[in-house]
Q: 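Take a look at this one; I'll ask things after.
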Amino acid sequence: MEKKKLLIVEDELTLLETLKYYLEGQGYEVVAATDGAEAISTARIEKPDLVILDVLLPGIDGFEVCRILRQETSIPILMWSAKDEEVDKIVGLELGADGYEAKTINTRELLARIKALLRRERIVRDEIESSGQAGPESPNLGVVFSFNDLVIDDSRREIRRGDEVLELKPKEFELMLFLARNRGIALGRSLILERVWGWDFDGGSRTVDVHIRWLREKIEVDPAHPSRILTVRGIGYRFDG
């Protein structure tokens, strides 16, 4: 069985070597980078199966590295940082990271996260292959939802309001698409978290609230008095189109 290749991006050399030694002992092939620019070039050359990405890097920081890599590849990205703050976690996930962990996580927990992300990636690829559909890079997948002046185009991965193409972050688009697919249905925050962020996401419901607020600012005529994305007290949210 071919070894999975991991890219570790970490500028603390002692931590980098310790983690590299441990993961190689677990049967992974490990390549490393110590700054943002090196991380991007190494990912392009080595084509790893998963990236463990530090946030605080010299030069290009981890958030920007994540943004660039996510534009080029769908491989899992696990961000980790000495800063265990909710806002950083939200930013990282919004940029396309598949997980965000504090560096206080122990090696066994980290290994479990890595295995879960690789397993999820394998399941997605197996489903795509079994369905006979093209992969994520295909420009023709998806459907188009129209709600008066609001158009949600899954095939183009864009949302238009009138003649304006809205600038949305990846998770904002996925959330909007999920709401559109379930128009008129009251959706609980936990369900939204599971379907949009994944079953292994350990962030709180505030993540949903923040993203809903961002969407309202972009699609509502009056975000303070929304008519499209409504709050359902005690449950979550409902999209009325």
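Count residues from 1 along the sequence. All figures in this text were calculated on a predicted structure; none of them were measured in a lab.
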Q: Is there a path of hydrophobic side-chain contacts, each under 4.5 Å between heavy atoms, that joins Val208 and Leu230?
A: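 No; tracing contacts between hydrophobic side chains, which count when under 4.5 Å, never links both residues.
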Q: Enter the distance from Leu166:CG to Glu217:CD here, rounded to the nearest 0.5 Å.
A: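 Leu166 CG to Glu217 CD: 12.5 Å, rounded to 0.5 Å.
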Q: Is Thr42 reaching over with its side chain to a backbone N or O of Glu38, donor-acceptor style, under 3.5 angstrom?
A: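 Yes, because the side chain of Thr42 sits within donor-acceptor range (under 3.5 Å) of the backbone of Glu38.
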Q: Which heavy atom in Glu220 sits nearest to a heavy atom in Arg161, and how many Å separate them?
A: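 Smallest interatomic distance, heavy atoms only, reads O-NH1, 3.6 Å.
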Q: Would you confirm whether Glu12, through its side chain, and Thr14, through its main-chain N or O, come within 3.5 Å as a donor-acceptor pair?
A: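 Flag not set: sc Glu12 to bb Thr14 has no pair under 3.5 Å.
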Q: Going by heavy atoms in the side chains, are Leu111 and Gln26 under 4.5 Å from each other?
A: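 In contact.
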Q: Do Ile45 and Ile52 land in one hydrophobic cluster if side-chain heavy atoms of ILVMFWY residues count as linked below 4.5 Å?
A: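 No: no chain of side-chain contacts under 4.5 Å links Ile45 to Ile52.
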Q: Tell me whether Asp240 is salt-bridged to Arg183, with the criterion being a basic N under 4.0 Å from an acidic carboxylate O.
A: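 Here Asp240 does not pair with Arg183 in a salt bridge, since their nearest N and O are not under 4.0 Å apart.
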Q: Do Ile219 and Met176 touch side chain to side chain, with heavy atoms closer than 4.5 Å?
A: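 Answer yes - side chains close enough.
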Q: At their closest point, which heavy atom of Ile75 faces which heavy atom of Asp98, and how far apart are they?
A: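 Heavy-atom minimum between the residues: O-OD2, 3.8 Å.
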Q: How close do Asp35 and Val9 get, heavy atom to heavy atom, and via which atoms?
A: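 Closest pair (atom of Asp35, atom of Val9, distance): O-CG1, 4.2 Å.
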Q: Of Lys218, Arg213, Arg157, which is the lone residue that meets salt bridge (Lys or Arg N to Asp or Glu O under 4.0 Å) with Glu172?
A: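 Single salt bridge (Lys or Arg N to Asp or Glu O under 4.0 Å) partner of Glu172 among Lys218, Arg213, Arg157: Lys218.
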Q: Any donor and acceptor pair, going by atom type alone, linking the side chain of Asp54 with main-chain N or O of Leu57 inside 3.5 Å?
A: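 Here the side-chain-to-backbone pair does not exist.
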Q: Start with the C-alpha gap between Glu101 and Met79, add the side-chain angles, then the distance that decides, and say whether side-chain contact (heavy atoms from CB on, under 4.5 Å) holds.
A: CA-CA 6 Å; Glu101 298 292 343; Met79 301 193 76; over 6 Å; no
Q: Would Val196 and Lys171 satisfy side-chain contact (heavy atoms from CB on, under 4.5 Å), going step by step from the backbone distance to the final call?
A: CA-CA 7 Å; Val196 178; Lys171 280 292 185 253; 4.1 Å; yes
Q: Ignoring hydrogens, what is the shortest heavy-atom contact between Cys66 and Gly92? Give both atom names and the distance.
A: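 That would be SG-O, 4.3 Å.
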Q: Can you confirm whether Thr107 sits close enough to Thr18 that some side-chain heavy atom of one is under 4.5 Å from a side-chain heavy atom of the other?
A: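 Not touching, per the 4.5 Å side-chain cut-off.
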Q: Are Val232 and Phe178 co-members of a hydrophobic cluster defined by side-chain heavy atoms under 4.5 Å apart?
A: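 No, no single cluster joins them.
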Q: Do Trp80 and Thr104 have side chains that approach each other closer than 4.5 Å (heavy atoms only, starting at C-beta)?
A: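 The answer is no; the side chains never approach within 4.5 Å.
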Q: Are Val65 and Ile40 side-chain neighbours, meaning at least one heavy-atom pair lies under 4.5 Å?
A: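 With C-beta onward as the side chain, the pair touches.
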Q: Would you find a donor on one side and an acceptor on the other, under 3.5 Å apart, between the side chain of Arg67 and the backbone of Leu95?
A: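 No; zero donor-acceptor contacts below 3.5 Å.
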Q: Write down the atom of Phe173, the atom of Ile152, and the distance for their closest heavy-atom approach.
A: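 Of all heavy-atom pairs spanning Phe173 and Ile152, the closest is CE1-CG2, 4.4 Å.
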Q: Grouping I, L, V, M, F, W and Y whenever their side-chain heavy atoms are under 4.5 Å apart, do Leu13 and Ile8 come out in a common cluster?
A: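 Yes, Leu13 and Ile8 fall within the same hydrophobic cluster.
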Q: Under the side-chain contact (heavy atoms from CB on, under 4.5 Å) rule, what do His211 and Trp197 come out as? Steps first, then yes or no, please.
A: CA-CA 12 Å; His211 283 73; Trp197 278 266; 3.7 Å; yes
Q: Indicate yes or no for a side-chain donor-acceptor contact from Arg113 to the backbone of Ala116 under 3.5 Å, with no hydrogens or angles considered.
A: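 The answer is no, because no donor-acceptor pair under 3.5 Å joins these two groups.
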Q: To the nearest 0.5 Å, what is the distance between CG on Leu215 and CG on Leu168?
A: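 So the gap between those two atoms works out to 6.0 Å.
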Q: With side-chain contact (heavy atoms from CB on, under 4.5 Å) as the test, pick out the partner of Leu117 among Val51, Ile77, Asp49, Leu78.
A: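 The side-chain contact (heavy atoms from CB on, under 4.5 Å) with Leu117 is passed solely by Leu78 among Val51, Ile77, Asp49, Leu78.
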Q: CG/Leu15 to CG/Leu19 distance, rounded to the nearest 0.5 angstrom?
A: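 One gets 6.0 Å once the value is rounded to the nearest 0.5 Å.
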Q: What I want to check is whether the side chains of Thr231 and Arg216 have a donor and an acceptor closer together than 3.5 Å.
A: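 A donor-acceptor contact under 3.5 Å links the two side chains.
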Q: Evaluate Ile159 against Val165 for side-chain contact (heavy atoms from CB on, under 4.5 Å), listing each step before the verdict.
A: CA-CA 6 Å; Ile159 295 180; Val165 176; over 6 Å; no
Q: Distance alone, cut at 3.5 Å: any donor-acceptor contact between the side chains of Asp209 and Tyr237?
A: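 Side chains of Asp209 and Tyr237: pair found under 3.5 Å.
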Q: Any carboxylate oxygen within less than 4.0 angstrom of a Lys/Arg side-chain nitrogen, looking at Arg160 and Asp163?
A: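 No.
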Q: With salt bridge (charged side-chain N to carboxylate O under 4.0 Å, His left out) as the criterion, how do Arg228 and Asp222 come out once you've worked through the C-alpha distance, each side chain's angles and the decisive distance to 0.1 Å?
A: CA-CA 10 Å; Arg228 283 184 150 145; Asp222 182 359; over 6 Å; no
Q: Search all heavy atoms of Ser81 against all heavy atoms of Val55 and return the closest pair with its distance.
A: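 Closest approach of Ser81 to Val55: CB-CG2, 3.6 Å.
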Q: Can you find a pair of side-chain heavy atoms, one from Leu175 and one from Ile212, that are under 4.5 Å apart?
A: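 The answer is yes; the side chains approach within 4.5 Å.
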Q: Are Ile185 and Phe145 connected in the hydrophobic side-chain network, where two residues link if heavy atoms are under 4.5 Å apart?
A: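 The answer is yes; both residues are in one hydrophobic cluster.
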Q: Report yes if some heavy atom in the side chain of Asp154 is under 4.5 Å from a heavy atom in the side chain of Arg181; otherwise report no.
A: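 When only atoms from C-beta onward are counted, Arg181 and Asp154 do touch, with a gap below 4.5 Å.
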Q: Quick one: do Lys20 and Glu17 make a salt bridge, cutoff under 4.0 Å?
A: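 Glu17 and Lys20: not salt-bridged.
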Q: Taking the six-membered ring for Trp, are the ring centroids of Phe147 and Phe239 within less than 6.0 Å of each other?
A: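 Yes - the distance between ring centres of Phe147 and Phe239 falls below the 6.0 Å cut-off.
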Q: Would you say that more than 12 heavy atoms from the other residues, nucleotides or ligands in this model lie under 6.0 Å from the CD of Glu72, or not?
A: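 Correct, the count exceeds 12.
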Q: Between Lys5 and Glu46, is a salt bridge (charged side-chain N to carboxylate O under 4.0 Å, His left out) present by the stated rule, with each step listed?
A: CA-CA 8 Å; Lys5 183 185 294 185; Glu46 296 289 344; 2.9 Å; yes
